Structures are given as structure tokens and as C-alpha cells.
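Reviewing the structure listed below.
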Amino acid sequence: MNSKTYLLALALSAVLPLSAQQTPIYQDATKHIEERVEDALSRMTLQEKVAMVHAQSKFSSAGVPRLGIPEVWMTDGPHGIRSEVLWDEWDQAGWTNDSCVAFPALTCLAATWNEEISSLYGKSIGEEALYRGKDVLLGPGVNIYRTPLNGRNFEYMGEDPFLAARMVVPYIHGVQDKGVAACVKHFALNNHEVNRHTTNVIVDDRTLYEIYLPAFKAAVQEGKAWAVMGAYNLYQNQHACHNQRLLNDILKGEWGFDGVVVSDWGGVHNTDQAITNGMDMEFGSWTNGLSNGASNAYDNYYLAMPYLQRIREGKVGTTELDDKVRRILRLCFRTNMSPTRPLGSLCSPEHYEAARRIGEEGIVLLQNRDNLLPIDLDRAKKILVVGENAIKMMTVGGGSSSLKVQREVSPLEGIRNRVAGRAEVVYARGYVGDAGGEYNGVVTGQNLKDNRTPEELIAEAVREAADADYVIFIGGLNKSAGQDCEDTDRKGLGLSYGQDELISALAEANKNLIVVNISGNAVAMPWMDRVPAIVQGWYLGSEAGNSLAAILMGDVNPSGKLPFTFPARLEDVPAHSLGEYTGVRSDTVIDIRYNEGIFVGYRWTDKQKKIRPLFPFGHGLSYTTFAYDKPTLDNRTLTADTDALTLRVKVRNTGTRAGQEVVQLYISDKKSSLPRPIKELKGFRKISLAPGEEQEVVFLINREALSFFDDAKHEWVAEPGRFDAIIAASATDIKGTISFELK
């Protein structure tokens, strides 16, 4: 036996039953996880157990070297693998091999409405995490889009719980198939950033279960997520990271979650509640590491020495501790101690290809009057590109999802590469937003300073636009504080930096104006009627420029659909007109009431018929056209003897280009004992059609699709009566309706 085989045998023998240690080592390594968990737990000392339930560095928790149990290493996501920081500080570790591929933000992923693309995303980012030696990826995020001011919306999957639920499951499968745990966040009700530590959410049970929990439930029960991260906010006057109702009653009780609950960094506030209320691993309790505290600052975490001292004094038992450690051991045997864990890869051609493809499928064509897009390079001699976001790196900034990338193709670079030799591409700055380019020690290296006045910048852009065949304005938000950024919210719905004035001036100067909005949030568009083409570009990651150029030039037919509503005014958002939102910092706990209840996003605009959104949920145009036949049902009555009704609808590509269409199924309950939305998304399919091709799309409608949560009974109820199945291309583009009855 060589030295490596001996060491492996020694490590495995420490976590296997003594009776099994004489059998072949690799056979032993595949024994059932639960047996290995119980055996390892029985061998651990009290001190070793306590050491596992709290951090030992910024991103790791202790293993048990004596037993061959490794440390658990975590990394921020969910759009790429964060660069390495020092053991006890947030400063960069200074590695030269910790760059990554940045994948598009999760708003873009949700906008693909494509579960296969979500699986590709998870697989790719899982391989990068694995290569970097990470055991837990801190993502994906599935908090619901309640307000367009939330600075962290770009990390989430939109306003609809069904869409988020369907898109999160394949992402988790993709990551965990690589032996890396997905840590779904932030559980729960973390729907704005200002006062995220001091907000006590007041929400009724029906709204909680119908709107804010379904994506998490799907992640746990269908995705089989191995980890869940608690949220910073409070619910029922308890912090979400040690919340009896959320963690014990719902997550671990009702849903049967067998994984690890990880605190958000600094989300633990109380030792006794952390012991009893479902928290398993404590990270980031405010400390700067070894320089601040006793012999080791991490020993002073809420679940460290204070916990150990309570046990020694007989104030608490070890039942909760053993449950926490079991979950952590289960995590280890699924990840860093799994004998079937594959090999990872970093910055591979396949990952760049995946990033490019995700971006292409998620970009949304919002408006295209007179078919201005795609750009016709046969008649384009001069293309003017205007705007800071055409050149600004967007992978750095935004908070914990900030990345250190191997490369990032800017929109201007992508356009120039695509049209090289075909047309002249001229660039004008147009406006100056944030000339900085640093977050947490990662720097872009870009010098974006420009001392010209706004008037001078606009004048230059207008002058260049006068003789351009196409003008492409690339602006929107960025990932700086007060824009799309963690721990801050936006001040309003409008664009900053004088962009509205610039766009209006460009519209006057050139009728062939294309506006590309780079953001993770909806923005106001007071100039919409004067701009023929509008594209929602998202934060597209390393391949941003290539993905965007492919759409603009028509190499790829746009197929993205909005995962949230674009309101015309902030007053049209129910969180602001009916509910409560605060943009003022508070050091004390404040109550925020979700008075709008279940009427979030399109549910609200449907109800308030006088409100017309700027662009509706599910909206997205194409360079081709699609025709829908009338939907049909195999049966008009759903009875106790019927599992589901089968709905069929034929869709044809009636244009001249191949394209993809997202066929959306909504259900409308015509009469209910409780108020219900006019309609709710209950199915979608993304299909690819060549010109003239027809495809039949099939949906199954079961009782779950007809149910609402009755908070008085605390159960899901499907009431007998008449329902409509609605086939649509968006929340306002209805293609066909068919009625049926539930007996």
C-alpha cells in the first residue's frame, strides 16, 4: 500500500463502523450516508461538535482532523465564484489563480424561461466552485421582486413564485450533481436592502405561503437543496436566522429539510435562539478576526464558547447540538467526503460558451417599431454607440456577488468585434455615472474619469448621431451604491446621471435610435414613445458584449421574456401604494406591513384595470412572428378520479426566421370563497420553431394548479367550480381561453 492509499484508508476508517474496516476500502466509502453520519457523530468530543457549528475563518468552518473530517469551505455566488480573501479579513488574499467566469445575473436567467438553460447554469458554476475547492455555493437567490427599488433584485428570479420555483430547481440539480451544495437564499421575506437588519416583516400566512415561500419549498422538496441561508430581517419579531416559525416549523418541520441552515454573515444575534430555533452554522458575526476578541474571535461567536459554556453549566442539553452536527456531517458526506465527487474546471471554453448562451436567451426585446432591429449591416456605414455602460465593467461591484473575472467583453467591444470590416463604430461617452471600479479590493483597472460637463458630453453625442445610420445608447443602472447593489436601495424609478435628457436629445437627432437598458430592475422610460427600439440587457457577465451583439445584429433571435413587471410609475407598485416600504435608515427595529398581500406584480395590475404597465410580466418580442391555435382540453371536468386535465395548443412560426417562443399558461378561478388574482401563472414551455414549423404544446392541469392557501385551515384548498385556462404570450397578450370545471 502506497502512502496516499494508506492516508485515505486511515481517514475513512475514522468514519466507518469498526466491523466494516476489514472490507475493501472503496466499498466502505459507499456505505449509506446516514450510517456514516451516526458513526462519525459517536466518535466526536463535545468540543469538536461545537467547533463545527460556527466559522473558523471568513468562509470556512472547522472539520475534525483527528477523524479525517475536512473543513467546510463556502464561496459567494450566485453568478460566479468570488475571489479569495484573507483568512480573517475581507481584504483580497492576492491570489493570481482565483479569477472566474461571470455568468449573467439571475434576473437574466429567469428571463430565459428555460429550465434546460438553468440546468446548464448550475452545472457550469458548480464545476467552477468544485475546481476552486468549495463545498457550498452561497446561492441561488429566490426572494420575490416586491419593489423595483430593491438594490438586490438583480440576484433574484423575479416577481412570480411559480416561475422562480421552476427555474431554481434545475439550477440546484446542476450545482449539486458536481458535489457542491447549493445554499438557497435568503430565507425568507428579504425583499429590500435598506434596513435589512432592522425590518420586522408583518405578513399574513396566505401571502407568505402563496407568494414568498413557494420557490424555497420547491428548492427544498424538488431541488433537494443541501443548504439554505437565513435572511437578515426579522419575522414575527425574531431574526430569520434563528426563527422558530421559519426554520423549525416550516423548513425542517413541514418541508422535511434535512440539510444545513447557514446564517447570513452577521445574521445571528442571540445564543439561546440560535441553539433552539433551527440555526446550524454561524458565519460572519461582526468581528474582524483574530485582532479583535479573546484568544480567537471565532471562539466568541454565539454558537462557540457561549454555547459550550451553557452545556457545561447544564443550562442546555446536547440534543440540538447533535442535530446540527448531523446535518453538517451529512453535508460533508454529500460534498467533500463523497467518493463519487467529480472533477471541476475553471474558465473553460465550455463555461464561456454557457455564459454567452444564457445571456443571449435572457435578453428581452421590449420594443421594435418599424422592425428597426436587427441592424442591417448591408446598409450601415456608421454605427454610433453612446453611454457609459457600453464600456464599464459590470462584474465588479453590487455587493457579495462582485467577481474577479478572467475577462469581460464590454458591449462596445462585442459590437466592434461583430461588425469589424462591415461598418465604422464610433463611441461617444454621453454621460458620466460612476467612474470608479473597485469593490472589496477587486479593481477593474479602468480609468473612466471624464471632466467634461454634461452639456459638452450631450453635444458630442448629438453631433456624432447626426450622420449615423444607427445610434445604440447603452445605459441604465450600474452596480454602485444606490443603483443595483447590496445593502442599498434605489432612490426612485428614474435613471440617474442625466440619462433621460441624453436619450431625448439622441431621439431628436436620429430616428434610428436603439436604447439598451443594462439593469437588474425596472426603470422609468419617459422617452419611450420617441424611441423605436428598446432592449433589456441585464448584467450579462463575462460574455456581455458578445451576447448583446448577437441579438442586435440578428445572429440570434431574441427570446427572453420579462420575469417582472415594468411599472410606468412607482405609485403603480402596490408595495408603495398599499403596502409599506422605507428608504430611510433606522438603527431600531421597524415594522413593515405587506398590506398588498398576494397582489404582487401582474396580480396587482390585473386587479387595477386602470393601471397599464410600461411592459407587462412575461413580455418579450421576437424577430419572427408566432400564431396560436385555440387551446383544447381532453376533458372539461376534473373529478376525484382524474389526476389532471391535458391542455393542448398548437403554435406556428409564421415569420421568415427561426425563433423561440415562451408559451405561458395562466389559471383563473371564476368564483372563490377568498379573494384571488384574476389569473396566476401555472405553466410555461419554451419551444424552438423553424419558419413555417408548427408544434403542439402540452400542459397538465392538476388540483395543485387550482389551489389557494387557506390560512384559517392552514392547508391548500382547491374549491369546486369553474376555471379558465388561459394561453398567453405575456400577462397582457392573451392568445386563447378555455373553461373547465372542478367537481
Side-chain angles (χ1 to χ4, degrees), residues 363-392 410-433 448 450 452-478 495-519 523-538 540 544-555 558 621 623:
I363 292 171
V364 182
L365 179 60
L366 295 176
Q367 183 164 286
N368 193 25
R369 290 202 302 267
D370 302 322
N371 294 321
L372 180 61
L373 287 173
I375 289 172
D376 184 356
L377 290 179
D378 290 332
R379 72 176 189 86
K381 295 181 180 179
K382 176 183 176 181
I383 298 174
L384 173 65
V385 177
V386 182
E388 181 175 278
N389 285 1
I391 59 173
K392 182 177 177 65
S410 71
L412 179 61
E413 184 182 359
I415 292 169
R416 280 182 168 159
N417 290 342
R418 174 60 183 84
V419 305
R422 302 284 301 277
E424 177 189 16
V425 178
V426 177
Y427 175 70
R429 180 68 175 268
Y431 72 94
V432 176
L448 298 181
D450 196 317
R452 288 176 291 174
T453 66
E455 293 75 18
E456 290 173 323
L457 292 167
I458 291 176
E460 178 196 41
V462 169
R463 186 169 60 251
E464 292 290 353
D467 63 344
D469 298 294
Y470 292 92
V471 178
I472 307 172
F473 172 79
I474 303 177
L477 306 179
N478 56 44
L495 294 175
S496 302
Y497 316 125
Q499 292 180 77
D500 290 334
E501 293 79 4
L502 173 58
I503 294 170
S504 296
L506 291 172
E508 290 293 325
N510 194 305
K511 65 179 182 179
N512 292 332
L513 174 61
I514 303 154
V515 169
V516 179
N517 181 59
I518 305 295
S519 75
V523 302
M525 298 182 180
W527 31 261
M528 186 178 77
D529 292 342
R530 289 168 286 163
V531 175
I534 305 173
V535 174
Q536 177 60 29
W538 315 113
L540 297 173
N546 292 332
S547 296
L548 183 59
I551 295 294
L552 295 177
M553 305 304 158
D555 303 327
L621 303 177
Y623 295 152

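None of the values given here were measured: they were computed from a predicted structure.
Counting only heavy atoms from C-beta outward, the side chains of Ile375 and Leu377 approach each other to under 4.5 Å. Side-chain contact between Leu412 and Ile474 is absent, with no heavy atoms from C-beta onward closer than 4.5 Å. Taking 4.5 Å as the limit, some side-chain heavy atom of Ser547 sits within range of a side-chain heavy atom of Ile363. Ile391 places none of its side-chain heavy atoms less than 4.5 Å from the side chain of Glu413. Contact of the Met525 side chain with the Leu366 side chain is registered, since non-hydrogen atoms from C-beta on lie closer than 4.5 Å. Taking the side chain as every heavy atom from C-beta outward, Ile534 and Trp527 approach each other to under 4.5 Å.
In terms of heavy atoms, Pro532 sits closest to Lys511 at CG-O, 3.3 Å. Considering all non-hydrogen atoms of both residues, Gly430 and Leu457 come closest at O-CB, 3.5 Å.
Annotation: the span from Leu384 atom CG to Leu506 atom CG amounts to 7.0 Å, rounded to 0.5 Å.
Classified by interplanar angle (parallel below 30°, tilted 30° to 60°, perpendicular above 60°), the ring pair Phe473/Tyr431 is tilted.
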Salt bridge (charged side-chain N to carboxylate O under 4.0 Å, His left out) between Glu388 and Arg429, intermediate numbers included: CA-CA 6 Å; Glu388 181 175 278; Arg429 180 68 175 268; 2.7 Å; yes

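Counting only distance, with no hydrogens or angles, the side chain of Arg452 and the backbone of Val432 share no donor-acceptor pair below 3.5 Å.
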